[in-house]
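Right, one structure below, let's go through it.
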Amino acid sequence: IWAEGTLTSNPYTVIYGGEMVPELTSMTANEWLESAKSKKLPTRFGGGDIPYKSDKYNSRATGAFQIMPDTLRGIIKNGPLTGEDIMSPQNQDEAGLYLVGPGQAKIDLKDLGNSLTTEQINRLSRVWASIAHSKGKGGKGNKEGSYYGQGGKSQKAFNEKYQEYLGLQVKDEEREE
């Protein structure tokens, strides 16, 4: 959530570009897919526009984990959710864990320790554009950067935030007190 820029009062309602759409957590997975395509809310929510950011990426990343439509289709086809499941915070968390585990990054959750390895972060970088790959775009360079060529959080910063969430590091502002 931190790396994706959705760390807000309600990260589960954030769309690409940072706007919040409260209806997201009441929509089904199929409605998410249709709304990403049409950029409109379902008619049961009034059918208003969804203000995805328009830029060179034209992303339709949605929710706390900024799930793309093709990724959501894979979650529905092979993962823990159906198209009729409501994209509640709990189901978004389940989808996120699926992407870390068997879905895309293929990291055995039992292998996650107090620090992430370069390989684990590289696997995550292929799922989330905001996480840097050790070899940059396409995993083929010699400089750390986003696997997809977008801006990304460094592996060091990502690992530090991971450790902070585990309670292993003290935040900078707490050190100063």
Side-chain angles (χ1 to χ4, degrees), residues 1-8 10-21 24 29 32-33 36-37 52-81 87 89-169 171-172:
I1 293 174
W2 166 79
E4 284 298 309
T6 61
L7 193 57
T8 66
N10 190 352
Y12 301 96
T13 66
V14 177
I15 59 170
Y16 178 70
E19 296 289 332
M20 296 175 78
V21 179
L24 290 179
W32 266 30
L33 290 172
K37 187 170 150 183
Y52 287 102
K53 181 179 178 179
S54 292
D55 63 9
K56 66 182 180 178
Y57 302 112
N58 281 323
S59 176
R60 295 294 178 266
T62 303
F65 299 96
Q66 295 292 277
I67 297 172
M68 296 292 287
D70 283 346
T71 302
L72 182 55
R73 282 186 197 89
I75 293 169
I76 293 168
K77 182 178 180 186
N78 303 309
L81 302 180
M87 295 304 290
Q90 296 81 8
N91 281 341
Q92 288 187 47
D93 287 348
E94 192 169 342
L97 284 172
Y98 173 75
L99 293 174
V100 170
Q104 287 188 345
K106 305 209 181 309
I107 297 171
D108 187 333
L109 299 179
K110 294 180 293 203
D111 291 339
L112 294 175
N114 292 339
S115 184
L116 296 170
T117 67
T118 298
E119 177 57 28
Q120 288 170 329
I121 297 174
N122 283 346
R123 287 178 180 212
L124 294 170
S125 78
R126 293 181 193 116
V127 180
W128 288 285
S130 60
I131 302 170
H133 189 282
S134 65
K135 296 184 184 245
K137 188 173 181 179
K140 297 177 182 171
N142 58 7
K143 183 177 160 196
E144 184 177 292
S146 170
Y147 188 81
Y148 298 99
Q150 295 174 244
K153 305 290 185 192
S154 73
Q155 290 204 350
K156 181 178 187 278
F158 188 77
N159 216 357
E160 286 173 355
K161 189 57 74 170
Y162 170 77
Q163 290 173 333
E164 182 181 309
Y165 283 138
L166 292 178
L168 299 174
Q169 287 186 332
K171 296 180 198 170
D172 288 339

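Residues take their numbers from the sequence shown, with the count starting at 1. Everything numeric in this text was worked out from a predicted model, so none of it was measured.
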- line: Residues Thr8 and Met20: closest non-hydrogen pair is OG1-CE, 3.8 Å
- prompt: If you round to the nearest 0.5 Å, how far is CD of Glu144 from NE2 of His133?
  reply: 10.0 Å
- prompt: What are the two closest heavy atoms between Asp111 and Gln120, and how far apart are they?
  reply: O-NE2, 3.4 Å
statement: So CG of Leu81 and CG of Leu72: to nearest 0.5 Å the spacing works out to 7.5 Å
field: Met68 and Ser59: CA distance, side-chain angles, deciding distance, side-chain contact (heavy atoms from CB on, under 4.5 Å) verdict
entry: CA-CA 8 Å; Met68 296 292 287; Ser59 176; 3.3 Å; yes
query: How many angstroms lie between atom NZ of Lys161 and atom CG of Leu116, to the nearest 0.5 angstrom?
result: 14.0 Å
field: Side-chain heavy atoms of Phe65 within contact of Val127, under 4.5 Å
entry: no
field: From CA spacing to verdict: side-chain contact (heavy atoms from CB on, under 4.5 Å), Tyr162, Ile121
entry: CA-CA 11 Å; Tyr162 170 77; Ile121 297 174; over 6 Å; no
query: Can you find a pair of side-chain heavy atoms, one from Val21 and one from Tyr52, that are under 4.5 Å apart?
result: no
message: With rounding to the nearest 0.5 angstrom, report the OG1 to OH distance, Thr71 to Tyr98.
response: 10.5 Å
task: Please name the pair of heavy atoms, one in Ala105 and one in Arg123, separated by the smallest distance, quoted to 0.1 Å.
output: O-CD, 3.2 Å
statement: Heavy atoms of Ser146 and Ala129 approach each other most closely as OG-O, 2.9 Å
Gln163 side chain reached by Ser115 side chain, heavy atoms, under 4.5 Å: yes
statement: One should read off an interatomic distance between Glu94 CD and Ile75 CD1, to the nearest 0.5 angstrom, of 10.0 Å
task: Please examine the side chains of Trp32 and Leu24, heavy atoms only from C-beta on, and report whether any two atoms are closer than 4.5 Å.
output: yes
field: Separation between CD of Gln104 and CZ of Arg126, rounded to the nearest 0.5 Å
entry: 11.5 Å
query: Are the side chain of Thr6 and the backbone of Ala64 linked by a donor-acceptor contact shorter than 3.5 Å?
result: yes
Donor + acceptor pair across side chains of Asp55, Tyr16 (<3.5 Å): yes
message: Any heavy-atom pair between the side chains of Thr62 and Met87 that's under 4.5 Å?
response: no
query: Is the shortest heavy-atom distance from the side chain of Asn122 to the side chain of Tyr147 under 4.5 Å?
result: no
